Number of protein chains: 4
Amino acid sequence: MAEQNILKEMFFDGEDLTEKQRQIIIAAIESFSEKGFAATSTSEIAKKAGVAEGTIFRHYKTKKELLLSIVSPVMSKLISPFIMKDLYKVIDQRYEKYEDFLRAMIYNRKEFLIKNLPVLKIMVQEIPFHDELREQFKEHVAKEIYQRMSKFVEHYKQKGEIIEMPTFSIIRFTATSIIGHVLARYVFFPEANWDDEAEIDRTIHFIMHGLAAKQ
Amino acid sequence: MAEQNILKEMFFDGEDLTEKQRQIIIAAIESFSEKGFAATSTSEIAKKAGVAEGTIFRHYKTKKELLLSIVSPVMSKLISPFIMKDLYKVIDQRYEKYEDFLRAMIYNRKEFLIKNLPVLKIMVQEIPFHDELREQFKEHVAKEIYQRMSKFVEHYKQKGEIIEMPTFSIIRFTATSIIGHVLARYVFFPEANWDDEAEIDRTIHFIMHGLAAKQ
Amino acid sequence: MAEQNILKEMFFDGEDLTEKQRQIIIAAIESFSEKGFAATSTSEIAKKAGVAEGTIFRHYKTKKELLLSIVSPVMSKLISPFIMKDLYKVIDQRYEKYEDFLRAMIYNRKEFLIKNLPVLKIMVQEIPFHDELREQFKEHVAKEIYQRMSKFVEHYKQKGEIIEMPTFSIIRFTATSIIGHVLARYVFFPEANWDDEAEIDRTIHFIMHGLAAKQ
Amino acid sequence: MAEQNILKEMFFDGEDLTEKQRQIIIAAIESFSEKGFAATSTSEIAKKAGVAEGTIFRHYKTKKELLLSIVSPVMSKLISPFIMKDLYKVIDQRYEKYEDFLRAMIYNRKEFLIKNLPVLKIMVQEIPFHDELREQFKEHVAKEIYQRMSKFVEHYKQKGEIIEMPTFSIIRFTATSIIGHVLARYVFFPEANWDDEAEIDRTIHFIMHGLAAKQ
DNA sequence: CATGAATGAGCTTTCATTCAT
DNA sequence: TATGAATGAAAGCTCATTCAT
């Protein structure tokens with residue numbers, strides 16, 4: 001129930017979907033993320049959503065279109081904070097250090113990630129098998145984020161905040177460390193007894209200073 | 001063809017499979033990793049392997065059993081260097097510093113990973129959807145590797161080589177950085193113009209010293 | 001065609017089946033009784049019924065469910081005259097002698113048996129191989145009929161109409177004689193030149209007086 | 001084990017079957033009688049018999065031939081006492097009354113029936129579905145028995161022992177009563193607490209004198 | 001004589017999709 | 001707009017039978 005409310009917020013704000021359509025999407029997200037796209041049947045979705053099989057195809061021409069209609073908007077929203085106008089100025093003024101910037105980014109995207117975990121799981125699972133998704137991800141997510149991140153990274157490099165190293169590598173190290181945190185925290189060991197703030201601090205410290213003991 | 005030879009080495013050393021059985025496994029690996037397990041039909045595998053569909057089921061009672069027979073042995077081999085007897089002594093003598101140990105591990109597993117990329121892709125893709133795989137991975141891969149890594153990490157912590165931080169976090173940071181390297185290098189951008197040695201150096205440097213510029 | 005009409009009457013009175021569903025049942029009865037349940041394929045039924053194979057499984061989850069949906073209602077109707085309320089009173093008033101009762105029963109069930117011969121054949125053939133059918137038959141047919149027959153038999157025994165002998169044996173002799181008549185008449189030699197009334201008389205005479213010549 | 005010995009006696013006396021062949025027949029009888037011919041797979045028989053699948057087809061060209069090789073000899077032996085030479089004389093001298101004859105027949109065939117119950121079950125089950133079996137049964141069992149029984153019945157009718165009634169009916173009543181006994185005793189309620197001699201007496205009494213109380 | 005790998009046709013069942021209502 | 005009966009292709013799997021060894 002709680003999850004359903006959250007999903008509604010994310011998905012249905014400002015969109016005019018019928019009640020049935022919402023049920024279909026909620027049911028599809030649940031099934032796709034539990035069993036995978038290919039292993040989920042439309043009849044199963046229909047049953048879970050409490051609609052007739054035909055109703056799904058009234059709204060989505062094919063099963064794949066249903067998948068895209070779920071994953072695409074989340075992809076768009078995933079990068080939204082990066083495509084703010086005047087982002088650079090804001091950043092420049094507010095975050096003196098790279099780690100301040102990182103912390104802000106992490107806190108900014110955290111809620112979004114938690115809310116959208118099932119859809120993000122579907123996205124990650126299905127990207128390798130669907131050209132449209134892969135294309136969309138590359139063009140509108142990876143590329144966008146990479147380009148904007150590059151600017152910041154180069155900015156902080158020029159300021160002498162961060163090490164001289166290919167920008168690509170810096171972004172990669174940053175990204176994998178943060179994604180690793182999210183996966184560990186929310187996917188692999190959600191039940192563990194986490195001190196979230198401390199773990200984020202550790203992650204940022206690792207990104208900035210690595211594992212070597214200070215001499 | 002080249003790939004087939006590699007697969008043969010990995011899979012068929014010392015096992016007595018019929019020629020048809022080998023063809024089935026090679027075909028299944030190809031299809032599963034390209035389209036996913038659920039989206040691959042047994043008739044497609046049969047056709048690709050050049051056998052009758054019935055032949056598959058003579059050797060593997062179900063499609064799932066075929067999947068497991070592909071993934072399980074690779075899982076076992078994945079951790080084999082970690083379960084060497086007297087590993088600790090060897091390590092202790094040979095690797096004075098944590099980064100030496102890391103470098104050795106990376107080079108040790110590199111060939112294995114490259115050779116088994118398709119099967120590892122299948123493994124990663126299917127673990128979320130098959131209890132048996134998940135259980136097997138947790139019990140025989142994750143747990144084993146974690147326990148042994150813990151010993152090393154604590155060893156280097158005591159030696160004052162690495163920072164005081166929860167062992168779990170240290171392992172996580174180390175693992176995600178290395179996995180991130182492998183994914184970038186072999187999965188996402190295999191075509192790029194890599195200077196492998198330099199990139200491994202950078203990865204290890206990042207793990208040890210982070211991104212902060214030296215003052 | 002004639003047979004189809006009869007089947008419709010028996011099966012579809014008061015039930016709301018689609019036209020296709022009726023065709024499926026009619027085709028299934030024909031095939032099951034001709035070739036046996038296990039030797040009949042669903043594709044054959046579909047073809048004979050003029051529907052797609054998928055249609056069968058829309059209405060009956062499995063082939064076995066289709067079998068049960070055919071046999072079960074006939075089992076129920078088979079015993080219906082025995083479970084009339086106030087049956088005992090009616091009998092008591094109307095049939096002074098056991099043979100009157102027998103004659104009434106035979107004529108009562110005769111039409112039913114003739115109409116349902118194919119389904120009854122399926123029932124008899126498949127009971128040994130399907131636990132559900134066997135259980136259903138034991139609980140709802142054999143037991144019911146036996147209990148009610150017992151009352152009558154004991155009633156006529158007390159009246160001195162019939163011989164002192166275990167009730168079970170009396171019912172058995174009665175039943176096998178009548179069933180033997182039905183089998184001979186309608187199953188083994190339906191083409192023979194029967195004088196139905198005379199044969200029923202003979203059967204009842206045999207039950208009552210046996211084969212011994214009167215001295 | 002005990003059953004296996006009995007089966008061997010019945011089946012394998014004087015026939016030169018290999019050990020494997022015997023195992024196949026024993027396994028086939030068990031499976032056919034438990035699940036029916038059509039629902040039994042040859043691989044199942046092979047497994048139960050402890051032979052390779054191919055071995056079955058070395059001895060029996062088809063699955064059906066295996067069925068016939070099981071049922072046919074039992075059919076032949078079923079009527080063997082009826083086709084004794086000089087049977088009529090023997091009968092004439094030994095059995096003054098029809099019931100003496102019946103009793104002798106029942107005791108004569110009893111052991112045979114018990115020993116061959118599984119095969120007889122197969123025979124009864126499969127006759128409706130296999131023309132060869134039906135033909136064989138009609139020609140070599142039903143017809144033979146009917147013709148010989150006719151002679152006896154007419155003999156006893158002439159002697160005034162039994163009632164004036166069409167011979168066919170007399171045979172039918174006799175047969176169904178006896179078969180009913182066998183089914184009740186050995187098929188439907190083998191576990192019940194039977195007084196065999198008494199029940200046979202009752203059966204013969206019923207055949208001779210029916211159910212009417214003596215006035 | 002016996003094996004068991006291999007076959008391909010056929011099995012029951014599921015599927016995404018259509019369409020008359 | 002929503003339904004759900006109907007579809008036919010294709011799914012995973014089983015089968016009786018063959019044949020090289």
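As a basis for the values below, the full set of heavy atoms in this structure was taken, side chains included, without hydrogen atoms, waters or symmetry mates. Chain A is the first sequence line, chain B the second, and so forth, proteins listed ahead of strands; every chain is numbered from 1. Just so it is clear, the model here is predicted, and its values are computed rather than measured.
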Determine all donor-acceptor pairs shorter than 3.5 Å in which one atom belongs to a side chain in residues 46-61 of chain B; sequence neighbours excluded.
from: K48(B); atom 1: NZ; to: S31(B); atom 2: OG; distance (Å): 2.9
from: E53(B); atom 1: OE2; to: T42(B); atom 2: OG1; distance (Å): 2.9
from: E53(B); atom 1: OE2; to: S43(B); atom 2: N; distance (Å): 3.3
from: T55(B); atom 1: OG1; to: A52(B); atom 2: O; distance (Å): 3.3
from: H59(B); atom 1: ND1; to: Q21(B); atom 2: OE1; distance (Å): 3.4

Quick check on DNA chain E: between A52(B) and A52(D), whose nearest nucleotide comes earlier from the 5' end?
A52(D)
Shorter than 3.5 Å, N or O on both sides, protein versus nucleotides 14-16 of chain F: list them out with atom names.
from: dA16(F); atom 1: OP1; to: T40(D); atom 2: O; distance (Å): 3.3
from: dA16(F); atom 1: OP1; to: K63(D); atom 2: NZ; distance (Å): 2.9
from: dA16(F); atom 1: OP2; to: T42(D); atom 2: N; distance (Å): 2.6
from: dA16(F); atom 1: OP2; to: T42(D); atom 2: OG1; distance (Å): 2.9

Without decimals, in angstroms, what is the distance between I45(A) CD1 and dT3(F) P?
15 Å
Give, for atom CD of E44(C) and atom CZ of F32(C), the distance between the pair rounded to the nearest 0.5 Å.
9.0 Å
In Å and rounded to the nearest 0.5 Å, what is the OG1 to CD distance from T18(B) to Q23(B)?
9.5 Å
Does a nitrogen or oxygen in the side chain of H59(A) sit under 4.0 Å from OP1 or OP2 of dA2(F)?
yes
What are the two closest non-hydrogen atoms of I45(D) and L66(D), and how far apart are they?
CD1-CD2, 4.1 Å
Can you give me the first and the last nucleotide of DNA chain E (5' to 3') that has an atom within less than 4.0 angstrom of a non-hydrogen atom in chain B?
dA5(E) to dG8(E)
Heavy atoms only: give me the nearest T40(A)-K63(A) pair and the separation to one decimal.
O-NZ, 2.8 Å
Only Watson-Crick and G-U wobble pairs, only distances under 3.5 Å, only runs of 3 or more: what stems does that leave for DNA chain E?
E:2-21 with F:2-21
Looking across every strand, which nucleic acid part, if any, lies under 4.0 Å from T18(B) by heavy atom: base, sugar-phosphate, or nothing?
sugar-phosphate
Report the distance from atom CG of L67(A) to atom CG of L133(A), rounding to the nearest 0.5 Å.
5.5 Å
Validation: residues 124-132 of chain C side-chain donor-acceptor distances under 3.5 Å, sequence neighbours left out:
from: E126(C); atom 1: OE1; to: H130(C); atom 2: NE2; distance (Å): 3.1
from: E126(C); atom 1: OE2; to: F37(C); atom 2: N; distance (Å): 3.1
from: H130(C); atom 1: ND1; to: K64(C); atom 2: NZ; distance (Å): 3.3
from: D131(C); atom 1: OD1; to: R134(C); atom 2: NH2; distance (Å): 2.5
from: E132(C); atom 1: OE2; to: K64(C); atom 2: NZ; distance (Å): 3.3

Separation between CD1 of I29(C) and CG of N116(C), rounded to the nearest 0.5 Å
8.0 Å
Residue pair I70(A) / V74(A), side-chain heavy-atom distance below 4.5 Å:
no
Kindly write out the residues that satisfy side-chain contact (heavy atoms from CB on, under 4.5 Å) with S72(A), not counting sequence neighbours, or none if the list is empty.
L68(A), Q136(A)
